[in-house]
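Let me begin by presenting the structure, written as structure tokens, before commenting on it.
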Amino acid sequence: MRGDESIPDDMFSYIRPEQRVPADHPLRPIRTLVDEVLRDLSPRFARLYATTGRPSIPPEKLLRALLLQTLYSIRSERQLMEQLDFNILYRWFVGLSLDAPVWDVTVFTKNRERLLSGDIAQAFFAAVVKQAQARQLLSPEHFTVDGTLIEAWAGLKSFTRRDTVPPTSDDPGNPTVDFHGERRSNATHGSTTDPEARLMRKGRGREAKLSDHGHVLMENRHGLAVGARVTLATGVAEREAAGTLVRRLRPGATLVADKGYDTRDFIAALRARGIPPHVAQHTTHRRSAIDGRTTRHAGYAVSQQKRKLVEEIFGWLKTIALLRKTRHRGVRRVGWMFTFAAAVYNLVRIRNLSGADART
């Protein structure tokens, strides 16, 4: 017998959103981890909000929504709100009932700014690292540091001389700019769209782009990020950021890095801290600061293999978390999103590693 598709919509439903989510759905263990992290951050949230006034979006729900945006590569907050309106899985993860209205996009972004001012991303990242440490997933002895360029949300047309007034254009939205033959550098030019973006290239023969510089400190056992930050894109940004990130390492812990970190000053600074530098040797037309005292050990070769894991972090951040070209402006805001995305990467890794431990 053929079924009748003209079934009227039910006015009431007695099924909770959680009943629609499969028991083995991969978001379930992540939701459990996130709930533990948010419980630790609850006192910090309380200090950000007044005790009186109109209720705002709960920070727990806001962070869960941002986490979904990162996990599912949702390009904008507007698309995120649209999907929250009809996606039962997303409503369950964020903590919205089926009848709860979805927030206005402007209200959502304004509430996110409150978390930015409270430096919640770094606290969230630290709480996730604490969860990994509680599960004994972190190596206390071997680490890798590396950096990557993040393309800024600014075009080359906005990169103009600082000491001249740009001419008026008949098309302000898309002005005609002829910069061919003009020598441009970060010393004389700046972006009018994102003043903190710097013109950088990834290597010889590559095109220069306005960029920020992201940095990650990774432990070498399972490839989890234990430090993350964003700085101005300069020629020495990687080594300067590494000097800040390694302050948390105890003496005796090894630090792995690529040949861009092979400078005498950087190697000497690591050794002064008691950190053996397992840095790749840079011997092209120069003499390496790494000698046989380091390369003769078998652990040096193992470190060179392990440092490749940091590229998996950058690859995930740029493809899944959509950080190949940021949608935000300014080092502080880009750094917030970069650090939060690194925390989400760790949550995925912890879920996968915990599942592997459960199966063995």
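This is a predicted model, so every value here is computed, not measured. These values consider heavy atoms only, across backbone and side chains, with no hydrogens, waters or symmetry-generated copies.
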Practice prompt. Measure across T339 and A121 and return the closest heavy-atom pair with its distance rounded to 0.1 Å.
Written response: CG2-O, 3.8 Å
Discussion item. Can you confirm if the aromatic rings of F124 and F340 lie within a centre distance of less than 6.0 Å?
Written reply: yes
Worksheet item: Is the CD atom of Q19 crowded by more than 12 outside heavy atoms at less than 6.0 Å?
Response: yes
Discussion item. Does atom CZ (R75) have a neighbourhood of more than 12 heavy atoms from anything else shown, all under 6.0 Å?
Written reply: no
Practice prompt. Go through the side-chain N and O atoms of T160 and H189 and say whether any donor and acceptor fall under 3.5 Å apart.
Written response: no
Worksheet, complete the sentence: Here the pair of heavy atoms bringing D262 nearest to A289 is OD1-N, 3.0 Å
Discussion item. Counting neighbours of CZ on R78 that are heavy atoms of other residues, nucleotides or ligands and sit closer than 6.0 Å, is the number greater than 12?
Written reply: no
Discussion item. Quick check on Q79: does its CD atom have over 12 non-hydrogen neighbours (other residues, nucleotides or ligands) under 6.0 Å away?
Written reply: yes
Worksheet entry | Same apolar cluster (I L V M F W Y, side chains within < 4.5 Å links), V236/L149 | no
Discussion item. Evaluate T283 against S288 for side chain to side chain donor-acceptor pair (under 3.5 Å), listing each step before the verdict.
Written reply: CA-CA 5 Å; T283 57; S288 173; over 6 Å; no
Discussion item. Applying a strict under-4.5 Å side-chain criterion to I, L, V, M, F, W and Y, I'd like to know whether L63 and L322 cluster together.
Written reply: no
Fill in: Other residues, nucleotides, ligands: >12 heavy atoms within 6.0 Å of R327 CZ
yes
Worksheet item: Parallel, tilted or perpendicular for F266 and Y261, by the 30°/60° rule?
Response: tilted
Item to complete: Treat each ILVMFWY residue as a node, draw an edge where side-chain heavy atoms are under 4.5 Å apart, and state whether W153 and L323 are in one component.
Response: no
Worksheet item: Could R31 and W92 be counted as a cation-pi pair, given that NZ or CZ must be under 6.0 Å from the ring centre and within 45° of the axis?
Response: yes
Worksheet item: Cluster question for you: counting only ILVMFWY and a side-chain heavy-atom cut-off of under 4.5 Å, with indirect links fine, are L96 and V105 together?
Response: yes
Discussion item. Looking at every heavy atom in both V129 and A225, which two are closest together, and how far apart are they?
Written reply: CG2-O, 3.7 Å
Practice prompt. Specify whether Y72 and Y90 have parallel, tilted or perpendicular ring planes, treating 30° as the upper limit for parallel and 60° as the lower limit for perpendicular.
Written response: tilted
Worksheet item: Are S139 and N220 close enough that a side-chain donor and a side-chain acceptor fall under 3.5 Å?
Response: no
